[in-house]
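These notes are about the structure you will find just below.
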Amino acid sequence: MEYVLDRFVAEVRSAINATGNVPADLVDLQPPKANIPADLAFPSFRAARELGVTPPRLTQELAAALQFAPDSLVAEVVASGPFLNFGLNPQRLAIEVLGDITRMGDTYGHDDLGQQQTIVIDYSSPNVAKRMHVGHIRSTIIGQSLVHILRALGFAMIGDNHLGDWGKQFGVIIAAIKRYGKPTSEGEMALEALEERYVRYSNEMQLDEALDDEARHCSLRLEQGDPEARDLWQWCVETTLEANQKNYDRLGVSFEHTYGESFYESMLTDVIALALQQGIAQTDEDGAVVVPSLDNLPSFLLQRSDGGTLYMTRDLATVLFRVEQFRPVRLIYVVGSQQELHFRQLTALVKALAIAPEIELIHVGFGTIFDAQGQPLSTRRGNMIYLQHLLDDAVARARKIVETKNDELSEEEKDRVAEQVGIGAVIYNDLYQDSRRNITLDWERMLATEGNSATYLQYSHARCCSILRRAGAGDPRVTDAATLSLLTQGTEQQLIKHLARLPEAIREAGQRYAPFVIADWCYTTARAFGVFFEQCPVLKADSPSLRDARLTLVAATAQALKNGLHLLGIQSPERM
RNA sequence: GGCCCGGUAGCUCAGUGGAUUAGAGCACCAGUCUUCGGAACUGGGUGUCGGGGGUUCGAAUCCCUCCCGGGUCGCCA
């Protein structure tokens with residue numbers, strides 16, 4: 001897909017090539033810094049050195065030799081010392097950007113570079129028999145945003161919620177239920193009761209080796225299909241899925257599949273046999289199946305000495321299944337950076353086994369969330385924050401703010417807006433910065449309504465909608481060139497240039513697996529709109545055609561902001 | 001100890017395949033507005049870009065080294 005700025009760069013490049021003054025591979029074009037009054041720059045240092053001239057001389061000669069058609073997107077060429085700066089034609093920029101947005105609507109910014117290739121993305125992945133907490137929200141939110149972004153880029157996305165429903169921890173849960181009884185409550189309450197049993201059993205297990213053995217035994221019985229263990233397990237899975245779905249619905253999260261680790265149970269012996277057969281793994285004296293160091297990474301196990309399987313075993317089986325089933329070009333894991341070594345080992349193992357030589361494994365890691373005192377959140381410390389409570393709290397606070405800000409809304413609308421604003425704040429808190437960073441949970445920051453916040457972005461969108469509403473009936477958007485050509489003022493052009501950058505922001509976000517690039521775009525765009533809003537009257541513009549043109553710009557801003565927010569998983573209310 | 005990530009303004013963060021004067025938000029101070037939603041806009045920065053070396057005409061960005069914080073290193077996930 002080629003957007004306006006792509007065509008602009010292409011025009012500059014081909015014009016430079018046409019002069020024959022600079023070899024094509026030395027033409028490195030980049031956006032100039034913000035303080036430079038230009039839209040594209042050619043820093044000539046490297047080219048000048050190769051050609052044996054001074055940079056300023058090269059740029060001057062080029063500036064003199066360059067030719068552009070009268071209706072070119074390139075309106076200005078200025079040699080500025082070693083830089084050759086290019087400026088956009090304001091009229092054509094306005095016409096083409098607003099034309100694109102008006103025509104493409106919800107798909108503005110989308111691309112076809114994914115060519116419908118399949119990507120399987122593994123995210124959220126909470127544990128069964130536990131409530132979702134802040135530890136799960138990052139994977140869930142980042143993963144869902146990546147699904148939106150990569151889908152917009154033309155990839156066929158398959159989201160898989162890789163439920164933690166297997167392994168030794170499940171032995172503990174089953175042993176605990178048998179020891180203390182099955183919870184009688186439902187939903188999150190039932191999960192809370194299960195957690196309580198799990199913690200109690202774990203603590204007692206520390207002191208009593210027999211309980212530890214019992215848990216391990218239960219884990220094995222479950223793996224071997226013991227009916228009683230299976231029934232308890234099934235109940236836990238169903239209870240958990242039902243409770244989690246409420247959170248997913250509120251966050252706008254959905255998956256193509258929810259296989260869970262248990263799904264791969266029947267494939268585990270084959271996987272271990274494969275590794276042994278290929279000589280990648282070997283059996284220890286005590287019976288454990290070990291994979292010795294690959295790519296200088298620490299060695300690891302595929303099977304415990306008691307015959308049980310591990311996380312790695314299941315992840316390897318999962319890779320095999322996904323490759324067979326979906327034929328993806330890429331497997332993405334949105335999992336905390338604590339597990340980085342695990343995924344490097346998995347990647348090395350997949351490579352050594354030559355299972356999927358064409359397929360990329362990508363671990364999108366993210367930092368840990370700490371409480372206000374800088375402590376890790378944990379059940380044991382008693383400072384754990386559960387997802388449902390977090391969402392409820394954020395929405396309740398948003399409700400209070402809505403109450404004071406806008407009493408024109410009906411109670412029902414206030415509730416809906418509060419939900420959108422509160423949830424938006426929670427999502428944005430996870431996406432506005434590079435996800436590798438650790439996060440300190442700061443309620444003030446998270447629910448801020450000013451500055452770089454979800455609420456400010458939503459508010460900007462709502463202001464656009466307000467203007468459009470007041471403009472009267474019908475779609476105010478026009479596309480005729482003469483009208484759109486009127487948008488040449490500085491603040492109008494600044495806003496249009498931001499709108500023009502959305503496609504590139506989406507590409508970069510996808511390429512870096514970095515939703516914050518979109519967040520950043522939304523914020524700078526909302527800022528540009530704020531300035532425009534102050535300086536340029538729309539409804540009371542000097543002429544009817546300027547009014548039309550500005551209304552079109554406002555409509556395009558609303559559309560583009562909505563598209564950007566959607567990629568983050570944030571709703572765009574029209575009133576708030 | 002090995003490996004990975006982070007260290008940029010009081011706080012939270014962008015910028016890091018070198019290149020024109022290092023940027024935002026919050027907080028603080030001072031302003032704007034009888035006009036489209038003030039959840040707004042404008043102005044105000046003496047920053048050891050963690051320290052020190054090195055490469056370069058030019059380094060927050062590349063190389064080396066050290067310091068600090070977080071993570072991780074076979075029978076958890």
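Quick note on labels: first sequence line is chain A, next is B, and so on, each numbered from 1. The shown structure was predicted, so the numbers you read here are calculated from the model rather than taken from an experiment.
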(request) Output yes when at least one side-chain N/O atom of A/K540 is less than 4.0 Å from OP1 or OP2 of B/rC36, else no. (result) no
(message) Work out how far the C1' atom of B/rU16 is from that of B/rC33, and round it to whole angstrom.
(response) 42 Å
(request) Using the C1' atom on both, measure B/rA30 against B/rU35 and round to a whole Å. (result) 25 Å
(request) Just compare B/rA27, B/rA14, B/rG37 and give me whichever is closest to any side-chain atom of A/M576. (result) B/rG37
(request) Measure the shortest side-chain to side-chain distance between A/K497 and A/L88 over non-hydrogen atoms and say whether it is less than 4.5 angstrom. (result) yes
(message) Could you tell me how far apart A/I36 (CD1) and B/rA22 (P) are, to the nearest whole angstrom?
(response) 11 Å
(message) Would you say that A/R216 contacts A/D212 through its side chain, given a criterion of any heavy-atom pair below 4.5 Å between the two side chains?
(response) yes
(message) Rounding to an integer number of angstrom, what distance separates B/rC49 and B/rA59 when you compare their P atoms?
(response) 12 Å
(message) For a quick test of reading the model: is some side-chain N or O of A/R463 closer than 4.0 Å to OP1 or OP2 of B/rC41?
(response) no
(message) Within a 6.0 Å radius of atom CG on A/N296, are there more than 12 heavy atoms belonging to other residues, nucleotides or ligands?
(response) no
(request) Report yes if the side chains of A/Q559 and A/C464 come closer than 4.5 Å at any heavy-atom pair, otherwise no. (result) no
(request) Verify the contact: side-chain N or O of A/T449 to OP1 or OP2 of B/rA39, cut-off strictly under 4.0 Å; return yes or no. (result) no
(request) Write down the distance between CG (A/L447) and P (B/rC26), rounded to a whole number of angstrom. (result) 16 Å
(message) So, OP1 or OP2 of B/rC41: does either fall under 4.0 Å of a side-chain N or O from A/R527?
(response) yes
(message) Given B/rA77, B/rG74, B/rG37, identify the nucleotide with an atom nearest to the side chain of A/A462.
(response) B/rG37
(message) Whole angstroms only, please: what is the CZ-C1' distance between A/F516 and B/rG15?
(response) 9 Å
(message) Roughly how many Å apart are B/rG52 and B/rC73, using the C1' atom of each and rounding to a whole number?
(response) 30 Å
(message) Does B/rG37 have its OP1 or OP2 closer than 4.0 Å to a side-chain nitrogen or oxygen of A/R470?
(response) yes
(message) Taking atom types as they are modelled, would you say the side chain of A/D442 forms a donor-acceptor pair with the base of B/rU12 within the 3.5 Å cutoff?
(response) no
(request) Ignoring the backbone of A/N452, work out which of B/rG25, B/rA77, B/rA40 is nearest its side chain. (result) B/rG25
(message) Nearest whole Å is fine: how far is B/rU16 P from A/Q30 CD?
(response) 11 Å
(message) Using the C1' atom as the point on both nucleotides, what is the distance between B/rG6 and B/rA14, in whole Å?
(response) 15 Å
(request) Could you let me know what B/rA27 is paired to, Watson-Crick or G-U wobble, both distances under 3.5 Å, or none if it's on its own? (result) none
(message) OP1 or OP2 of B/rA77 versus the side-chain N and O atoms of A/R314: is any pair under 4.0 Å?
(response) yes
(request) If B/rC3 has a Watson-Crick or G-U wobble mate with both distances under 3.5 Å, name it; if not, just say none. (result) B/rG71
(message) Between B/rU65 and B/rU46, how many Å separate the two P atoms, rounded to a whole number?
(response) 36 Å
(request) With the side chain of A/N438 defined as its heavy atoms from C-beta on, choose the nearest nucleotide among B/rG70, B/rU20, B/rG38. (result) B/rG70
(request) Go through B/rA39, B/rC75, B/rU20 for me and flag the one nearest to the A/F83 side chain. (result) B/rU20
(request) Rounded off to whole Å, could you give me the CG-to-C1' distance for the A/L457 and B/rG25 pair? (result) 12 Å
(message) Any salt bridge linking A/R507 with A/E504? Criterion: basic side-chain nitrogen under 4.0 Å from a carboxylate oxygen.
(response) yes
(request) Please indicate yes or no: is the ring centre of A/F533 less than 5.5 Å from the centre of the six-membered base ring of B/rC36, with the two planes inclined by under 30 degrees? (result) no
(message) Is the distance from the ring center of A/Y198 to that of A/F170 below 6.0 Å?
(response) no
(request) Compare the aromatic ring of A/F45 with the six-membered base ring of B/rA19 and state whether they stack according to the 5.5 Å and 30° rule. (result) yes
(message) Could you tell me how far apart A/L294 (CG) and B/rC3 (P) are, to the nearest whole angstrom?
(response) 18 Å
(request) Taking only the side-chain heavy atoms of A/N127 (C-beta and beyond), determine which of B/rC75, B/rG38, B/rA77 contains the nearest atom. (result) B/rA77
(request) Determine the Euclidean distance between corresponding P atoms of B/rC62 and B/rG25; express it in Å to zero decimal places. (result) 27 Å
(message) Please give me the minimum heavy-atom distance between A/L457 and A/A526, naming the atom from each residue.
(response) CD2-CB, 3.8 Å
(request) Provide, to the nearest angstrom, the distance between the CG atom belonging to A/N161 and the P atom belonging to B/rA77. (result) 17 Å
(request) Assign each of A/T440 and A/I401 to its nearest nucleotide of RNA chain B by heavy atoms, then name whichever residue's nucleotide is nearer the 5' end. (result) A/T440
(message) For a quick test of reading the model: is some side-chain N or O of A/R437 closer than 4.0 Å to OP1 or OP2 of B/rG7?
(response) yes
(request) State whether A/D28 and A/R46 are salt-bridged, where the test is any N-O pair (Lys NZ or Arg NE/NH1/NH2 against Asp/Glu carboxylate O) under 4.0 Å. (result) no
(message) OP1 or OP2 of B/rG23 versus the side-chain N and O atoms of A/Y523: is any pair under 4.0 Å?
(response) no
(message) Check this for me: does the side-chain of A/D284 come within 3.5 Å of the base of B/rC75 through a donor and an acceptor?
(response) no
(request) Return the 5'-most residue of the pair A/D306, A/I439 with respect to RNA chain B, ranking by each residue's nearest nucleotide. (result) A/I439
(message) Measuring only the P atom in each nucleotide, how far is B/rU42 from B/rU48? A whole number of Å is fine.
(response) 27 Å
(request) Respond yes when some side-chain nitrogen or oxygen of A/R436 is under 4.0 Å from OP1 or OP2 of B/rC5, and no when none is. (result) no
(message) Under 4.0 Å, counting only non-hydrogen atoms across every strand here, what does A/Y311 touch: a base, just sugar-phosphate, or nothing?
(response) base
(message) Is the phosphate of B/rG71 approached by A/Q338 (side-chain N or O, under 4.0 Å from OP1 or OP2)?
(response) no
(message) How many whole angstroms separate atom CG of A/N296 from atom P of B/rC4?
(response) 11 Å
(message) Check for me whether A/R437 meets the cation-pi criterion with A/F516, that is, NZ or CZ under 6.0 Å from the six-membered ring centre and within 45 degrees of the ring axis.
(response) no
